[in-house]
Amino acid sequence: MRVLLIGSGGREHALAVGLAADPSVDFLAAAPGNPGIAQLAELHPVTATDPAAVAALAVELAADLVVVGPEAPLVAGVADAVRAKGIACFGPSAAAAQLEGSKAFAKDVMAAAGVPTARSYACTEADEVARALDELGAPYVVKNDGLAAGKGVVVTDSLEVAVQHAADCGKVVIEEYLSGPEVSLFVVTDGAAAVPLMPAQDFKRLGDGDAGPNTGGMGAYAPLDWAPDDLVPRVLRETVEPTLAEMRDRGTPFAGLLYVGLALTPDGPKVIEFNARFGDPETQVVLALLATPLAGLLQAAATGRLAEHPPLRWHDGAAITVVVASHNYPGTPRTGDVIEGAEVPGVIHAGTARREDGALISAGGRVLSVTALGPDLAGARDAAYALVDGVRLDGAQFRTDIALAAVEGRIKPLEARSRR
Ligand code: AMP
Ligand code: GLY
């Protein structure tokens, strides 16, 4: 099969590794791609958020399957435009991608479907904001309604900071603070059947010990040996199935990757957010452990035949990824720094570019996602940090504690107060 992958980040490099390894893929292209993806796929320039341009490229390349990585093209309608050309596309329609594109829409769907999530208010006016903050209390959680590339959410004890963020955003969702370890669960779906992947944990804060600002994600690992045994079936039953049914009832079935971001609260798993695409950097670890060929799985979802797909197979052991970010990320990241030691297996490229003289340089906030497998989490951690040691990037920032609490047995779900 001929596959076209849309996007240019670490998630897309990880997807490219998986697609290239699938024996059913005899041609792989990526647009716009990055220097890491260029080792695996033919690159084509494209504006990923231009539905007509992506659809035209898919036709020109005679693609059998288009896989859309990031959210912005999905929200812009890229999957709709590709499907209108009669080409299978892994990724939801623009209408269904509103589950990520609007926090207020997602909350409305969750309320209608009875999905466990934080209590919330959608607000636009200052007096509504003040009332919601007062009612829900600190810590305050204020979310920009629209796409904000991982920078839309403020969690703070300061009323002043919360009010200011709401004013800066215009339309916001203000919600109850959820406590408990966070889990990312990816579900492949054709709108009806749902196939969960292995849960993973992401590290959203910039610094060790969860200090510093929120980021797009600084590292991830799987599996989660500490998670309750019934986590995946419970989330499928309480969250995924009702959400997919609600989207079908609205006439906008969600087909693609439903990313369920959860907090494992004392009252059970509650949804923090939905995304309409694979998570970055969780994809780097989840796909490293997936033994089932990736293209066949995504094609089954894209063509409505997921119910016929055989059960997934997984590699033994554990995977971890450590994000290497540029100087000043997540503020205004410095770019153009030379990177050395990054052209080795396991070093996934995110924000990298090729300079005219051929040197590899940084081109974004999250530059690399250094990924390793091991017989267990401790072994995977040692292998990943050994790879990080081999990377040279001036001003590099990375966490040294990815998966450390899990390795040391310090992470536990909060005690259950009630069970359904
Ligand atoms: P989101 O973009 O919605 O995933 O939010 C980014 C991060 O903010 C999450 O990964 C959480 O760490 C935190 N967060 C978001 N919503 C809540 C909430 N209701 N309670 C506690 N933390 C939250
Ligand atoms: N790692 C979080 C996200 O992809 O949204």
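Only this structure's heavy atoms are used, side chains among them; waters, hydrogens and symmetry mates stay out. When a ligand or atom number is given, it counts from 1 through the structure's own listing order.
Atoms of ligand 2 lying under 4.0 Å from any heavy atom of E282, numbered from 1 in the order shown and given with element: 1 (N), 2 (C). Heavy-atom proximity to G279, at under 4.0 Å, picks out these atoms of ligand 2: 4 (O). Set against the non-hydrogen atoms of G216, the atoms of ligand 2 under 4.0 Å away are 1 (N), 2 (C).
Residue F278 does not touch ligand 2, judged by heavy-atom distances below 4.0 Å. At a heavy-atom distance under 4.0 Å, only side-chain atoms of K204, from C-beta outward, approach ligand 2.
Among E182, K143, R119, K270, the residue whose heavy atom lies closest to atom 3 (O) of ligand 1 is K143. When the options V155, L262, V173, L136 are ranked by their closest heavy atom to atom 14 (N) of ligand 1, first place goes to V155.
Here Q299 pairs with nothing under the side-chain hydrogen bond (donor to acceptor under 3.5 Å, both in side chains) rule; sequence neighbours left out. Partners of F398 by ring-ring contact (aromatic ring centres under 6.0 Å, His included), not counting sequence neighbours: none found.
A salt bridge does not link D401 to R381: none of the charged nitrogens lies less than 4.0 Å from a carboxylate oxygen. Look at R250 and D108 and you find a salt bridge, because one of the NZ, NE, NH1 or NH2 atoms lies within 4.0 Å of a carboxylate O, short of that distance. Electrostatic pairing of R334 and D394 counts as a salt bridge here, judged by a charged N lying under 4.0 Å from a carboxylate O.
Looking at L178 next to ligand 1, an N or O pair under 3.5 Å apart turns up. When only interatomic distances are considered, the shortest N/O to N/O separation between Y177 and ligand 1 does not fall below 3.5 Å.
In terms of protein heavy atoms, atom 5 (O) of ligand 2 is closest to R277 NH2, 3.0 Å.
Contact annotation: the side chain of E340 never approaches that of V391 to less than 4.5 Å [non-hydrogen atoms, C-beta and beyond].
Cation-pi geometry between R277 and Y259 is met: the NZ or CZ atom falls under 6.0 Å from the ring centre, inside 45° of the normal.
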